[in-house]
Amino acid sequence: MAWDFQTEPEFQEQLDWATRFVRQEIWPIEAVVDELDQPALNRIYAPLQEQVKARGLWAAHLDPELGGQGFGQVKLGLLHEILGSSPYAPNAFGCQAPDSGNSEILAIAGTPEQKERWLEPLLAGDLKSAFSMTEPETSGSDPTQLRTRAVRHGDEYVIDGHKWFSSNGSIADFLIVMAVTDPDARPHQRASMFIVDSDTPGVQILRDVATMEHPYQEFGKLGGHAEILYEDVRVPAANRLGAEGEGFLIAQKRLYPGRIHHCMRWLGVARRAFDSLCERATYRQVRGGVLGEQQSVQNWIADSAAQMSAARLMTLHAAWKMDTQGASAARQEISLIKFYGAGVLHDVIDRALQAHGALGYSTDLPLEAMYRYARAARFYDGPDEVHRQSVARQILSNYEPPPDGLPSEYLPTRREAARTKFAEVLEQLTAND
Ligand SMILES: Cc1cc2nc3c(=O)[nH]c(=O)nc-3n(C[C@H](O)[C@H](O)[C@H](O)COP(=O)(O)OP(=O)(O)OC[C@H]3O[C@@H](n4cnc5c(N)ncnc54)[C@H](O)[C@@H]3O)c2cc1C
(Lines give C-alpha, C1' and ligand atoms only; values in the text may rest on other atoms or scores of the structure.)
Protein backbone atom coordinates (compact mmCIF):
# COMPACT_ATOMS: atom_id res chain seq x y z
CA MET A 1 0.00 0.00 0.00
CA ALA A 2 1.87 3.08 -1.21
CA TRP A 3 -0.30 5.87 0.27
CA ASP A 4 1.77 7.34 3.06
CA PHE A 5 1.77 10.64 4.95
CA GLN A 6 4.87 9.99 7.04
CA THR A 7 8.28 11.63 6.77
CA GLU A 8 11.40 9.50 7.17
CA PRO A 9 12.90 10.15 10.63
CA GLU A 10 16.30 11.21 9.18
CA PHE A 11 14.68 13.75 6.88
CA GLN A 12 12.39 14.95 9.67
CA GLU A 13 15.55 15.74 11.64
CA GLN A 14 16.73 17.88 8.75
CA LEU A 15 13.36 19.63 8.63
CA ASP A 16 13.46 20.29 12.38
CA TRP A 17 16.95 21.74 12.03
CA ALA A 18 15.79 23.95 9.13
CA THR A 19 12.80 25.17 11.17
CA ARG A 20 15.04 26.20 14.08
CA PHE A 21 17.64 27.72 11.77
CA VAL A 22 15.12 29.81 9.82
CA ARG A 23 13.49 31.12 13.00
CA GLN A 24 16.71 31.89 14.84
CA GLU A 25 18.92 33.10 11.99
CA ILE A 26 16.66 34.32 9.19
CA TRP A 27 13.60 35.90 10.79
CA PRO A 28 15.78 38.51 12.57
CA ILE A 29 17.07 39.70 9.15
CA GLU A 30 13.53 40.83 8.27
CA ALA A 31 13.54 43.35 11.11
CA VAL A 32 16.62 45.23 9.86
CA VAL A 33 16.62 44.53 6.13
CA ASP A 34 15.64 48.12 5.30
CA GLU A 35 18.79 49.34 7.05
CA LEU A 36 21.07 47.06 5.00
CA ASP A 37 22.45 47.49 1.52
CA GLN A 38 23.12 44.44 -0.67
CA PRO A 39 26.83 44.03 0.30
CA ALA A 40 25.90 44.14 4.01
CA LEU A 41 23.13 41.61 3.38
CA ASN A 42 25.64 39.38 1.58
CA ARG A 43 27.94 39.54 4.62
CA ILE A 44 25.13 38.31 6.87
CA TYR A 45 24.25 35.53 4.44
CA ALA A 46 27.78 34.17 3.85
CA PRO A 47 28.20 32.26 7.16
CA LEU A 48 24.57 31.12 7.08
CA GLN A 49 25.01 29.67 3.61
CA GLU A 50 28.07 27.77 4.84
CA GLN A 51 26.01 26.23 7.66
CA VAL A 52 23.32 25.15 5.19
CA LYS A 53 25.95 23.59 2.91
CA ALA A 54 27.54 21.75 5.84
CA ARG A 55 24.10 20.43 6.79
CA GLY A 56 23.57 19.03 3.26
CA LEU A 57 20.57 21.22 2.47
CA TRP A 58 22.12 23.54 -0.12
CA ALA A 59 20.44 23.78 -3.59
CA ALA A 60 18.05 20.99 -2.68
CA HIS A 61 16.13 21.41 -5.94
CA LEU A 62 18.86 19.93 -8.14
CA ASP A 63 20.23 16.45 -8.68
CA PRO A 64 23.46 15.46 -6.91
CA GLU A 65 25.54 15.48 -10.12
CA LEU A 66 24.68 19.20 -10.39
CA GLY A 67 25.69 19.98 -6.82
CA GLY A 68 22.21 19.60 -5.35
CA GLN A 69 20.69 17.09 -2.96
CA GLY A 70 18.41 15.18 -5.38
CA PHE A 71 15.55 15.22 -2.89
CA GLY A 72 12.76 15.09 -5.45
CA GLN A 73 9.71 17.35 -5.24
CA VAL A 74 7.94 15.88 -2.18
CA LYS A 75 10.89 16.33 0.17
CA LEU A 76 11.59 19.65 -1.45
CA GLY A 77 7.97 20.63 -0.76
CA LEU A 78 8.38 19.89 2.93
CA LEU A 79 11.60 21.91 3.07
CA HIS A 80 10.23 24.81 1.01
CA GLU A 81 7.25 25.05 3.34
CA ILE A 82 9.73 25.94 6.10
CA LEU A 83 11.74 28.30 3.90
CA GLY A 84 8.53 30.02 2.76
CA SER A 85 8.04 31.41 6.24
CA SER A 86 10.52 34.17 5.39
CA PRO A 87 11.25 35.84 2.04
CA TYR A 88 14.92 35.84 3.11
CA ALA A 89 15.26 32.10 3.78
CA PRO A 90 15.56 30.65 0.24
CA ASN A 91 18.68 32.73 -0.44
CA ALA A 92 20.40 31.12 2.54
CA PHE A 93 19.54 27.67 1.14
CA GLY A 94 20.66 28.26 -2.45
CA CYS A 95 17.16 27.93 -3.86
CA GLN A 96 16.15 31.55 -4.29
CA ALA A 97 13.84 32.24 -7.25
CA PRO A 98 14.75 33.02 -9.97
CA ASP A 99 18.22 31.47 -9.43
CA SER A 100 16.63 28.08 -8.68
CA GLY A 101 14.60 28.06 -11.92
CA ASN A 102 17.52 29.41 -13.91
CA SER A 103 19.82 26.71 -12.59
CA GLU A 104 17.23 24.21 -13.75
CA ILE A 105 17.26 25.76 -17.24
CA LEU A 106 21.04 25.55 -17.36
CA ALA A 107 20.92 21.98 -16.07
CA ILE A 108 18.35 20.97 -18.69
CA ALA A 109 19.57 22.89 -21.72
CA GLY A 110 23.14 24.04 -21.01
CA THR A 111 26.18 22.75 -22.86
CA PRO A 112 29.12 21.49 -20.72
CA GLU A 113 30.86 24.86 -21.31
CA GLN A 114 27.73 26.84 -20.30
CA LYS A 115 27.35 24.72 -17.18
CA GLU A 116 30.95 25.28 -16.19
CA ARG A 117 30.82 29.03 -16.76
CA TRP A 118 27.37 29.87 -15.36
CA LEU A 119 25.71 26.92 -13.61
CA GLU A 120 28.53 25.88 -11.29
CA PRO A 121 29.16 29.39 -9.87
CA LEU A 122 25.38 29.96 -9.69
CA LEU A 123 24.99 26.84 -7.57
CA ALA A 124 27.97 27.78 -5.43
CA GLY A 125 26.23 31.09 -4.71
CA ASP A 126 29.00 33.08 -6.44
CA LEU A 127 26.75 34.42 -9.23
CA LYS A 128 23.21 35.75 -9.29
CA SER A 129 20.83 35.51 -12.24
CA ALA A 130 17.54 36.81 -13.62
CA PHE A 131 14.97 35.51 -16.08
CA SER A 132 14.03 38.15 -18.62
CA MET A 133 10.93 37.26 -20.59
CA THR A 134 8.04 39.62 -19.79
CA GLU A 135 7.74 42.83 -21.83
CA PRO A 136 5.72 45.94 -20.97
CA GLU A 137 4.33 46.17 -24.50
CA THR A 138 3.09 42.58 -24.94
CA SER A 139 0.99 40.19 -22.87
CA GLY A 140 3.12 38.12 -20.50
CA SER A 141 0.24 35.66 -20.32
CA ASP A 142 0.71 34.96 -24.02
CA PRO A 143 4.46 35.04 -24.68
CA THR A 144 3.96 34.00 -28.31
CA GLN A 145 3.51 37.77 -28.79
CA LEU A 146 7.08 38.58 -27.66
CA ARG A 147 8.76 41.36 -29.65
CA THR A 148 12.35 41.24 -28.39
CA ARG A 149 14.42 40.06 -31.34
CA ALA A 150 17.68 38.12 -31.58
CA VAL A 151 19.11 38.26 -35.08
CA ARG A 152 22.01 36.06 -36.07
CA HIS A 153 25.08 37.73 -37.60
CA GLY A 154 27.82 35.16 -38.21
CA ASP A 155 28.93 33.77 -34.85
CA GLU A 156 26.86 36.27 -32.86
CA TYR A 157 23.29 37.16 -32.11
CA VAL A 158 22.24 40.80 -31.82
CA ILE A 159 19.48 41.30 -29.27
CA ASP A 160 17.12 44.30 -29.23
CA GLY A 161 14.14 44.60 -26.96
CA HIS A 162 12.48 45.93 -23.85
CA LYS A 163 11.76 43.79 -20.78
CA TRP A 164 10.46 44.38 -17.31
CA PHE A 165 9.77 42.49 -14.12
CA SER A 166 13.05 40.62 -14.58
CA SER A 167 13.25 39.72 -10.88
CA ASN A 168 16.71 40.32 -9.37
CA GLY A 169 17.80 41.79 -12.76
CA SER A 170 19.53 44.74 -11.08
CA ILE A 171 21.79 42.50 -8.95
CA ALA A 172 22.20 39.72 -11.51
CA ASP A 173 25.55 38.79 -13.04
CA PHE A 174 23.77 37.26 -16.01
CA LEU A 175 20.30 37.28 -17.53
CA ILE A 176 18.49 34.52 -19.36
CA VAL A 177 16.72 36.38 -22.14
CA MET A 178 13.85 35.05 -24.20
CA ALA A 179 13.93 36.55 -27.71
CA VAL A 180 12.32 35.87 -31.07
CA THR A 181 14.76 34.24 -33.50
CA ASP A 182 12.28 33.34 -36.25
CA PRO A 183 9.12 35.50 -36.39
CA ASP A 184 7.71 33.36 -39.23
CA ALA A 185 7.94 30.04 -37.42
CA ARG A 186 4.97 28.44 -35.63
CA PRO A 187 4.12 30.53 -32.54
CA HIS A 188 5.79 28.18 -30.04
CA GLN A 189 8.91 27.79 -32.16
CA ARG A 190 9.63 31.48 -32.69
CA ALA A 191 11.69 32.20 -29.60
CA SER A 192 15.04 31.08 -28.19
CA MET A 193 16.83 31.64 -24.89
CA PHE A 194 20.17 33.36 -24.48
CA ILE A 195 22.58 33.82 -21.62
CA VAL A 196 23.53 37.49 -21.50
CA ASP A 197 26.15 38.72 -19.05
CA SER A 198 24.79 41.83 -17.35
CA ASP A 199 27.87 43.87 -18.25
CA THR A 200 27.50 43.19 -22.00
CA PRO A 201 27.46 46.54 -23.85
CA GLY A 202 23.88 47.57 -24.69
CA VAL A 203 22.28 46.03 -21.58
CA GLN A 204 20.68 48.96 -19.76
CA ILE A 205 19.10 48.20 -16.40
CA LEU A 206 16.78 51.21 -16.29
CA ARG A 207 15.26 50.79 -12.82
CA ASP A 208 13.76 48.41 -10.32
CA VAL A 209 10.05 48.91 -10.85
CA ALA A 210 8.41 50.10 -7.63
CA THR A 211 5.56 47.71 -6.86
CA MET A 212 2.84 47.03 -4.36
CA GLU A 213 5.37 44.82 -2.53
CA HIS A 214 8.22 47.39 -2.68
CA PRO A 215 6.35 50.70 -3.13
CA TYR A 216 9.39 52.94 -2.82
CA GLN A 217 11.88 53.24 -5.65
CA GLU A 218 15.00 51.27 -4.75
CA PHE A 219 17.77 49.97 -6.93
CA GLY A 220 20.08 47.01 -6.80
CA LYS A 221 18.58 44.94 -4.00
CA LEU A 222 17.47 41.32 -3.71
CA GLY A 223 13.84 40.98 -4.78
CA GLY A 224 13.71 44.00 -7.11
CA HIS A 225 11.96 43.70 -10.49
CA ALA A 226 14.12 45.30 -13.17
CA GLU A 227 13.11 47.10 -16.32
CA ILE A 228 15.78 46.44 -18.93
CA LEU A 229 16.50 47.81 -22.37
CA TYR A 230 18.52 45.59 -24.69
CA GLU A 231 20.02 47.73 -27.44
CA ASP A 232 22.28 46.17 -30.02
CA VAL A 233 23.42 43.60 -27.46
CA ARG A 234 25.89 41.21 -29.08
CA VAL A 235 26.29 37.75 -27.61
CA PRO A 236 28.25 34.79 -29.02
CA ALA A 237 26.04 32.13 -30.66
CA ALA A 238 27.49 29.78 -28.04
CA ASN A 239 25.38 31.65 -25.45
CA ARG A 240 22.15 30.29 -26.95
CA LEU A 241 20.48 27.72 -24.71
CA GLY A 242 19.30 24.67 -26.61
CA ALA A 243 18.51 24.76 -30.31
CA GLU A 244 17.09 27.78 -32.11
CA GLY A 245 13.32 27.90 -31.55
CA GLU A 246 13.42 25.83 -28.34
CA GLY A 247 12.75 28.77 -26.01
CA PHE A 248 9.18 27.75 -25.16
CA LEU A 249 10.08 24.13 -24.70
CA ILE A 250 12.78 25.05 -22.19
CA ALA A 251 10.54 27.67 -20.51
CA GLN A 252 7.86 25.06 -19.89
CA LYS A 253 10.38 22.74 -18.27
CA ARG A 254 11.49 25.58 -16.01
CA LEU A 255 8.00 26.74 -15.19
CA TYR A 256 6.56 23.43 -13.98
CA PRO A 257 8.98 23.05 -11.05
CA GLY A 258 9.19 26.84 -10.58
CA ARG A 259 5.43 27.10 -10.10
CA ILE A 260 5.17 24.34 -7.57
CA HIS A 261 8.13 25.72 -5.61
CA HIS A 262 6.19 28.97 -5.21
CA CYS A 263 3.14 27.01 -4.01
CA MET A 264 5.29 25.18 -1.46
CA ARG A 265 6.68 28.45 -0.10
CA TRP A 266 3.19 29.98 0.12
CA LEU A 267 2.24 27.24 2.59
CA GLY A 268 4.93 28.59 4.92
CA VAL A 269 3.77 32.20 4.54
CA ALA A 270 0.15 31.21 5.17
CA ARG A 271 1.17 29.19 8.24
CA ARG A 272 2.97 32.16 9.72
CA ALA A 273 -0.05 34.44 9.19
CA PHE A 274 -2.30 31.72 10.62
CA ASP A 275 -0.16 31.50 13.77
CA SER A 276 -0.55 35.28 14.18
CA LEU A 277 -4.31 34.96 13.73
CA CYS A 278 -4.56 32.22 16.37
CA GLU A 279 -2.29 34.05 18.82
CA ARG A 280 -4.41 37.20 18.52
CA ALA A 281 -7.55 35.15 19.11
CA THR A 282 -6.22 34.10 22.52
CA TYR A 283 -5.77 37.52 24.09
CA ARG A 284 -7.55 40.40 22.35
CA GLN A 285 -10.50 41.38 24.51
CA VAL A 286 -13.60 42.58 22.69
CA ARG A 287 -17.17 42.91 23.84
CA GLY A 288 -18.18 39.40 24.90
CA GLY A 289 -14.72 38.00 25.64
CA VAL A 290 -11.55 37.32 23.67
CA LEU A 291 -11.63 37.25 19.88
CA GLY A 292 -11.29 33.47 19.83
CA GLU A 293 -14.69 33.19 21.51
CA GLN A 294 -16.44 35.04 18.69
CA GLN A 295 -18.00 32.81 16.09
CA SER A 296 -16.77 34.81 13.09
CA VAL A 297 -13.18 34.49 14.33
CA GLN A 298 -13.69 30.78 14.99
CA ASN A 299 -14.93 30.51 11.40
CA TRP A 300 -11.80 32.29 10.15
CA ILE A 301 -9.62 29.87 12.08
CA ALA A 302 -11.51 26.78 10.95
CA ASP A 303 -11.80 27.93 7.32
CA SER A 304 -8.12 28.85 7.20
CA ALA A 305 -7.09 25.49 8.68
CA ALA A 306 -9.25 23.66 6.13
CA GLN A 307 -7.97 25.69 3.17
CA MET A 308 -4.34 25.38 4.26
CA SER A 309 -4.70 21.66 4.71
CA ALA A 310 -6.29 21.31 1.26
CA ALA A 311 -3.56 23.46 -0.33
CA ARG A 312 -0.84 21.43 1.41
CA LEU A 313 -2.25 18.11 0.25
CA MET A 314 -2.77 19.40 -3.29
CA THR A 315 0.80 20.72 -3.38
CA LEU A 316 2.32 17.51 -2.07
CA HIS A 317 0.14 15.45 -4.38
CA ALA A 318 1.31 17.47 -7.39
CA ALA A 319 4.90 17.05 -6.13
CA TRP A 320 4.40 13.30 -5.75
CA LYS A 321 3.02 13.07 -9.27
CA MET A 322 6.04 14.97 -10.58
CA ASP A 323 8.36 12.58 -8.76
CA THR A 324 6.58 9.44 -9.90
CA GLN A 325 5.32 10.35 -13.40
CA GLY A 326 7.30 13.40 -14.51
CA ALA A 327 6.56 17.11 -14.60
CA SER A 328 4.38 17.07 -17.75
CA ALA A 329 2.09 14.41 -16.29
CA ALA A 330 1.45 16.71 -13.32
CA ARG A 331 0.48 19.70 -15.49
CA GLN A 332 -3.13 19.82 -14.34
CA GLU A 333 -2.25 19.34 -10.65
CA ILE A 334 0.34 22.13 -10.85
CA SER A 335 -2.16 24.53 -12.46
CA LEU A 336 -4.79 23.61 -9.85
CA ILE A 337 -2.53 24.39 -6.93
CA LYS A 338 -1.07 27.50 -8.58
CA PHE A 339 -4.39 29.35 -8.56
CA TYR A 340 -5.93 27.62 -5.54
CA GLY A 341 -2.78 28.12 -3.43
CA ALA A 342 -2.57 31.81 -4.35
CA GLY A 343 -6.18 32.25 -3.16
CA VAL A 344 -5.55 30.43 0.13
CA LEU A 345 -2.44 32.50 0.75
CA HIS A 346 -4.42 35.69 0.28
CA ASP A 347 -7.42 34.62 2.37
CA VAL A 348 -5.43 33.46 5.39
CA ILE A 349 -3.29 36.61 5.49
CA ASP A 350 -6.39 38.75 5.02
CA ARG A 351 -8.10 37.17 8.04
CA ALA A 352 -4.97 37.49 10.20
CA LEU A 353 -4.72 41.13 9.19
CA GLN A 354 -8.39 41.75 9.95
CA ALA A 355 -8.07 40.13 13.38
CA HIS A 356 -5.30 42.59 14.29
CA GLY A 357 -7.34 45.66 13.35
CA ALA A 358 -5.28 48.84 12.97
CA LEU A 359 -2.18 47.02 14.20
CA GLY A 360 -2.54 44.54 11.34
CA TYR A 361 -2.75 47.40 8.85
CA SER A 362 0.32 49.06 10.34
CA THR A 363 3.92 48.30 9.48
CA ASP A 364 4.53 47.32 13.12
CA LEU A 365 3.53 43.81 12.02
CA PRO A 366 4.68 41.89 8.93
CA LEU A 367 1.09 41.05 7.93
CA GLU A 368 0.58 44.05 5.67
CA ALA A 369 3.83 43.19 3.83
CA MET A 370 2.72 39.56 3.51
CA TYR A 371 -0.59 40.79 2.10
CA ARG A 372 1.13 42.87 -0.56
CA TYR A 373 3.47 39.98 -1.36
CA ALA A 374 0.52 37.61 -1.65
CA ARG A 375 -1.25 39.74 -4.23
CA ALA A 376 1.52 39.16 -6.76
CA ALA A 377 1.06 35.38 -6.49
CA ARG A 378 -2.00 35.69 -8.70
CA PHE A 379 0.14 37.06 -11.57
CA TYR A 380 3.59 35.56 -11.73
CA ASP A 381 4.20 32.22 -13.43
CA GLY A 382 0.84 32.64 -15.15
CA PRO A 383 -2.21 34.55 -13.87
CA ASP A 384 -5.06 32.68 -12.18
CA GLU A 385 -7.30 32.99 -15.21
CA VAL A 386 -4.82 31.25 -17.50
CA HIS A 387 -4.35 28.36 -15.07
CA ARG A 388 -8.10 28.01 -14.59
CA GLN A 389 -8.55 28.03 -18.36
CA SER A 390 -5.86 25.38 -18.76
CA VAL A 391 -7.39 23.15 -16.07
CA ALA A 392 -10.89 23.56 -17.51
CA ARG A 393 -9.65 22.72 -21.03
CA GLN A 394 -7.89 19.58 -19.85
CA ILE A 395 -10.93 18.47 -17.89
CA LEU A 396 -13.31 19.24 -20.74
CA SER A 397 -11.20 17.21 -23.16
CA ASN A 398 -12.50 14.13 -21.32
CA TYR A 399 -16.13 15.01 -22.03
CA GLU A 400 -18.26 15.03 -25.17
CA PRO A 401 -21.76 16.24 -25.98
CA PRO A 402 -24.53 13.66 -25.41
CA PRO A 403 -25.62 12.10 -28.71
CA ASP A 404 -29.31 13.03 -28.32
CA GLY A 405 -28.63 16.58 -27.09
CA LEU A 406 -30.17 15.77 -23.70
CA PRO A 407 -28.12 15.64 -20.47
CA SER A 408 -26.89 12.14 -19.60
CA GLU A 409 -28.55 12.61 -16.22
CA TYR A 410 -31.96 13.50 -17.78
CA LEU A 411 -34.32 11.50 -15.60
CA PRO A 412 -37.12 10.78 -18.11
CA THR A 413 -34.62 9.10 -20.47
CA ARG A 414 -32.94 7.23 -17.60
CA ARG A 415 -36.32 6.14 -16.25
CA GLU A 416 -37.29 4.72 -19.63
CA ALA A 417 -33.98 2.81 -19.85
CA ALA A 418 -34.37 1.56 -16.26
CA ARG A 419 -37.91 0.39 -16.95
CA THR A 420 -36.60 -1.70 -19.86
CA LYS A 421 -33.74 -3.06 -17.69
CA PHE A 422 -36.01 -4.04 -14.81
CA ALA A 423 -39.05 -4.88 -16.98
CA GLU A 424 -39.43 -8.38 -15.55
CA VAL A 425 -39.47 -7.23 -11.91
CA LEU A 426 -41.71 -4.32 -12.65
CA GLU A 427 -44.14 -6.58 -14.57
CA GLN A 428 -44.35 -8.96 -11.62
CA LEU A 429 -45.15 -6.03 -9.34
CA THR A 430 -47.98 -4.94 -11.64
CA ALA A 431 -49.24 -8.55 -11.89
CA ASN A 432 -49.39 -8.75 -8.04
CA ASP A 433 -51.55 -5.61 -7.82
C1 LIG B 1 6.21 39.91 -8.53
C2 LIG B 1 6.38 39.53 -9.97
C3 LIG B 1 7.57 38.93 -10.38
C4 LIG B 1 7.77 38.60 -11.72
N5 LIG B 1 8.96 38.06 -12.12
C6 LIG B 1 9.21 37.84 -13.44
C7 LIG B 1 10.51 37.42 -13.89
O8 LIG B 1 11.41 37.17 -13.10
N9 LIG B 1 10.71 37.30 -15.24
C10 LIG B 1 9.73 37.56 -16.13
O11 LIG B 1 9.98 37.44 -17.33
N12 LIG B 1 8.49 37.97 -15.74
C13 LIG B 1 8.21 38.13 -14.42
N14 LIG B 1 6.97 38.58 -14.00
C15 LIG B 1 5.95 38.89 -14.98
C16 LIG B 1 4.80 37.89 -14.97
O17 LIG B 1 5.24 36.64 -15.48
C18 LIG B 1 3.64 38.51 -15.76
O19 LIG B 1 3.15 39.59 -15.00
C20 LIG B 1 2.52 37.53 -16.06
O21 LIG B 1 2.93 36.55 -16.97
C22 LIG B 1 1.32 38.28 -16.66
O23 LIG B 1 1.70 39.03 -17.78
P24 LIG B 1 1.32 40.60 -17.89
O25 LIG B 1 1.74 41.25 -16.63
O26 LIG B 1 1.87 41.11 -19.16
O27 LIG B 1 -0.27 40.64 -17.91
P28 LIG B 1 -1.22 40.40 -19.19
O29 LIG B 1 -0.72 39.23 -19.98
O30 LIG B 1 -1.39 41.68 -19.87
O31 LIG B 1 -2.56 39.95 -18.48
C32 LIG B 1 -3.32 40.89 -17.71
C33 LIG B 1 -4.48 40.18 -17.08
O34 LIG B 1 -5.33 39.67 -18.11
C35 LIG B 1 -5.99 38.52 -17.65
N36 LIG B 1 -5.78 37.45 -18.62
C37 LIG B 1 -4.67 37.14 -19.31
N38 LIG B 1 -4.86 36.08 -20.11
C39 LIG B 1 -6.13 35.69 -19.92
C40 LIG B 1 -6.95 34.65 -20.44
N41 LIG B 1 -6.47 33.76 -21.33
N42 LIG B 1 -8.24 34.56 -20.01
C43 LIG B 1 -8.74 35.42 -19.11
N44 LIG B 1 -8.02 36.44 -18.59
C45 LIG B 1 -6.74 36.56 -18.97
C46 LIG B 1 -5.39 38.16 -16.29
O47 LIG B 1 -6.26 38.61 -15.27
C48 LIG B 1 -4.12 38.95 -16.26
O49 LIG B 1 -3.72 39.28 -14.92
C50 LIG B 1 6.74 38.87 -12.65
C51 LIG B 1 5.54 39.47 -12.22
C52 LIG B 1 5.35 39.79 -10.90
C53 LIG B 1 4.05 40.45 -10.49
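Whatever order the structure lists them in is the order used to number ligands and atoms, beginning at 1.
- Within the 4.0 Å cut-off (strictly below), no protein heavy atom is located near atom 32 (C) of ligand 1.
- Counting heavy atoms only, S167 comes closest to atom 8 (O) of ligand 1 of the residues P98, A376, S167, G224.
- Taking a cut-off of under 4.0 Å to the non-hydrogen atoms of S139, the atoms of ligand 1 that pass are 26 (O), 28 (P), 29 (O).
- Below 30°, between 30° and 60°, or above 60°: for F11 and F71 the angle between ring planes is above 60°, a perpendicular geometry.
- Considering backbone and side-chain N/O atoms, E385 comes within less than 3.5 Å of an N/O atom of ligand 1.
- Taking the ring axis of F131 as reference, the NZ or CZ atom of R254 stays within 45° of it and closer than 6.0 Å to the ring centre.
- Close N/O approach between P383 and ligand 1 is not found [any backbone or side-chain N/O within under 3.5 Å].
- Looking from atom 6 (C) of ligand 1 to the surrounding protein, the closest heavy atom is F165 O, 2.7 Å.
- The salt bridge (Lys or Arg N to Asp or Glu O under 4.0 Å) contacts involving residues 348-361 comprise nothing, where partners must be two or more places apart or lie in separate chains.
- For ligand 1, the polar-atom distance check against T134 finds a nitrogen or oxygen pair separated by under 3.5 Å.
- Put simply, part of T138 is less than 4.0 Å from ligand 1, judged by heavy atoms.
- Ligand 1 has no nitrogen or oxygen under 3.5 angstrom from a nitrogen or oxygen of W164.
- Below 4.0 Å from some heavy atom of F131 lie the following atoms of ligand 1, by number and element: 7 (C), 8 (O), 9 (N), 10 (C), 11 (O).
- Atom 10 (C) of ligand 1 lies below 4.0 Å from at least one non-hydrogen atom of the protein.
- Annotation: G140 places an N or O atom under 3.5 Å from an N or O atom of ligand 1; distance criterion only.
- Polar contact with ligand 1: absent for V386 (N/O pair, distance under 3.5 Å).
- At under 3.5 Å, a nitrogen or oxygen of S141, whether backbone or side chain, sits near a nitrogen or oxygen of ligand 1.
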